[in-house]
Amino acid sequence: MSQHSDELGAWWTEFPGSDRATWLASAQGGLAPARDGVRGAMSRRALRHGVVVPPGKRERAKREKTADWRRQTVAGIREPPLKSGVITVGSGFGGTGKTDVAVTLAAIYAAARPSDRVILADSNDDMPHGYIRLGGLPVEALAPNQRTLSIRGFYQACVAGSIKVYADLRDAVAWLQGVAVIRGDTADECVGVDFGEQEYLTVLEFLQCMSNVVINDGGTGLFAKLQVGTLLHGDKYVFVTEASQLGFWSIGQVFSRYRNYEGEKERPLTEQEMRHLNGLMDEATIVVDKFTASDPEQARWYARICENFDGSRVSVVATPWDQALANRVALDLGAVAESTLDAKLAMAEVVLRGVDRANRRRLGDPEDEARAGYIERDAPPRWPSGPMPPRWPSPSVAANGDPAAADSEPVRPVSWQNGAAELGPGARP
C-alpha cells in the first residue's frame, strides 16, 4: 500500500522552474507551441495536423521571466535549514479548503526539499480527507490488515514500542507524493479510543525526532481541546478561510478566543502557554482559499480582511479557485492553472519562513535579519493584477467588530500589486 518516498508526481518534473524540469528554456527557441496572440491561435490549429508553431520573441521572454520567478520562489522554499518545524492548519468552519492547503503544503515541501522528511498528520475525527486528497485508496474498501496506520493507531504503536526508529515509521504509514501520511481515523476507528492533547504530544515527540517538517491538519470549528493541544505544540498557525462575511467573522472569533483562552478547569494554561498561543496568533498566516478576484463580493471581503491586519506580523495570502482542485479529486498540481500553482508556491514560501523563524527562536539561534525584513519579487508577467484584488474602501473595523482593535492590531497582507510581490515593511510571514 505504501509508495516510495521519491514518487513526487509529474507536476514537479514538468513545470518551468523546477531543477528537474523537462521543459525547454524559451531562450533556446524551444519546441513548446505558442499560446498567446495570433501565433497561439495559429498554433492551436496547426497542432491538429502535428505542426508546432513556436512562440514569438515576446512570449518567450514572458515564459522565461515566469520560470525565473518560480526558480527564485523555489529557492526561497529550500533556503531555511529546518531542523524540526510543526505547522498546524485550522479553520473556523467546514468547506474552506483547509485540507487542500495542508496537502498542498506537504506536496510542495516534499518536492522542493527532497532531503527533508515531510510528514502529514491528520487529526480530524471524521474521515481521512488528507490521505484521500493525496491519492490514498479509500480506507473502507481495504481489509483492516491492509490499512496503513491512522493517527490513533500510530499512537498505540508508539506506546507499545512498535515504532522506535524511522524505518519503523516508513513501513507503517502511507507514502503519497513524497509525503509520509498518518491518516485520520475512520468513524469505526474512533470508537472507544480517546485522542487528546497528551496522545497528540506523544505522537508529535516521535514525529519531531524523525522528520524536518510536520504538517498537522487540525480540526474544524471554533474551539476544540485537541485543536488547542496541537497549537500549544506548534511553530506556525495557518488559518484557512474564504472571502465572505462568514469567513471575515470567523477570523475575529477564532483569533479572539485563542488570544483570551486560559484553559479549562481541569487543564489551566500556564503563563508560558498563553504567551505561546498569543505569539502564534501574532505571526499567523491567513489563507483565503478558492478566491475569485473577478467576483466583486469576494474582492470586497478579501480587502477588508487585509485592511484589518495591515501593519502587523500576520500575513494574508489569497490562493485562486481552480476547477482541478474541486470535487475532492486527488491532488495533482500539474493539472491546475499556472497562476494557481504560482500562488500555492508563494503561500508555501511565506509559511515556511514563519516556521523557520519560530524554529530558530525555540532553539535559541539568532534570527536572520535578512529573512525578517522586506521581501519583494517581480510577479509572473501573466498576472495582470495577480491574485490580489483591487483595494476596495471599507470601514476600519476589526474582524471581531471592534473599531479600536483595527487600529491597534491590523494585518499586513502578502499582496500582488503593480507587478510586484511584497511582504510589507516589518511584516513577518
Side-chain angles (χ1 to χ4, degrees), residues 85-94 96-99 101-102 121 123-125 195-198 200-201 204 214-242 246-289 304-306 308-317 350-351 354-355 357-359 361-362 397-402 404-406 408-413 427-429:
V86 181
I87 303 168
T88 297
V89 184
S91 65
F93 54 93
T96 60
K98 170 178 64 66
T99 297
V101 169
S123 60
N124 270 310
D125 271 346
F195 193 83
E197 180 188 348
Q198 289 305 314
Y200 173 77
L201 181 56
L204 185 61
V214 178
I215 300 173
N216 174 59
D217 184 2
T220 296
L222 177 61
F223 211 66
K225 291 183 179 179
L226 176 57
Q227 196 166 1
V228 175
T230 62
L231 287 172
L232 289 175
H233 306 289
D235 297 312
K236 178 71 177 179
Y237 184 42
V238 179
F239 184 83
V240 186
T241 189
E242 61 182 32
L246 178 59
F248 180 79
W249 173 85
S250 71
I251 296 171
Q253 291 294 309
V254 173
F255 276 55
S256 176
R257 185 65 183 272
Y258 283 136
R259 287 184 187 281
N260 297 292
Y261 183 63
E262 297 180 355
E264 303 295 328
K265 184 177 180 179
E266 67 278 7
R267 170 62 169 94
L269 298 188
T270 65
E271 288 290 333
Q272 183 179 359
E273 289 173 331
M274 286 188 282
R275 285 196 301 270
H276 179 75
L277 272 182
N278 276 270
L280 286 179
M281 299 305 112
D282 289 342
E283 297 190 7
T285 293
I286 296 175
V287 177
V288 181
D289 199 37
R304 290 194 65 178
I305 292 171
C306 292
N308 286 324
F309 288 110
D310 188 28
S312 81
R313 291 173 295 174
V314 176
S315 51
V316 180
V317 183
V350 168
V351 170
V355 177
R357 187 164 47 256
N359 185 247
R361 190 179 302 135
R362 186 180 70 237
V397 180
N400 61 6
D402 183 4
S408 62
E409 208 171 320
V411 179
R412 182 66 179 178
R428 302 183 180 184

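Owing to the predicted nature of the structure, the values given are computational and were not obtained by experimental measurement. Each residue takes its place number in the sequence, starting with 1.
Put simply, the side chain of Asn359 never gets that close to the backbone of Val355: no donor and acceptor are under 3.5 Å apart. Although no hydrogens or angles enter the test, the distance criterion places no donor-acceptor pair under 3.5 Å between the side chain of Lys98 and the main chain of Gly92.
Taking all atoms of both residues into account, the shortest heavy-atom contact from Leu231 to Met281 is CD1-CE, 4.4 Å. Minimum interatomic distance between Ser123 and Asn216 (heavy atoms only, all atoms of both residues): OG-OD1, 3.1 Å. The nearest pair of heavy atoms linking Met274 to Leu269 is CG-CB, 3.8 Å. Nearest heavy atoms, Thr285 versus Ser315: OG1-OG, 2.9 Å. Taking all atoms of both residues into account, the shortest heavy-atom contact from Val238 to Ile87 is CG2-CG2, 3.8 Å. Considering all non-hydrogen atoms of both residues, Arg267 and Glu197 come closest at NH2-OE2, 2.8 Å.
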*Does the pair Trp249 and Phe93 meet the rule for a side-chain contact (heavy atoms from CB on, under 4.5 Å), with working shown?*
CA-CA 11 Å; Trp249 173 85; Phe93 54 93; over 6 Å; no
*What's the verdict on side-chain contact (heavy atoms from CB on, under 4.5 Å) for Val351 and Val317, showing C-alpha distance, side-chain angles and the deciding distance?*
CA-CA 10 Å; Val351 170; Val317 183; over 6 Å; no
*Mind running side-chain contact (heavy atoms from CB on, under 4.5 Å) on Val254 and Tyr237 for me, showing each step along the way?*
CA-CA 12 Å; Val254 173; Tyr237 184 42; 3.8 Å; yes
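Taking CG from Asp235 and CZ from Arg357, the interatomic distance works out to 11.5 Å, rounded to the nearest 0.5 Å. Arg257 contributes atom CZ, which lies 12.0 Å from atom CG of Leu277 (distance to the nearest 0.5 angstrom). The CG atom of Leu232 sits 10.5 Å away from the CD atom of Gln272 when rounded to the nearest 0.5 Å. Note that the CZ atom of Phe255 and the CD1 atom of Ile286 stand 4.0 Å from one another [nearest 0.5 Å]. Atom OG1 of Thr88 is separated from atom CG of Leu280 by 7.5 Å, given to the nearest 0.5 angstrom. The NE2 atom of His233 lies 7.0 Å from the CD atom of Glu273; values are rounded to the nearest 0.5 Å.
Taking the six-membered ring for Trp and thresholds of 30 and 60 degrees, Tyr200 and Phe195 have ring planes more than 60 degrees apart, a perpendicular arrangement.
A salt bridge links Arg259 and Asp282; the closest N-O separation between the charged side-chain nitrogens and carboxylate oxygens is under 4.0 Å.
Considering only heavy atoms from C-beta on, Asp289 stays 4.5 Å or farther from Thr96 through its side chain.
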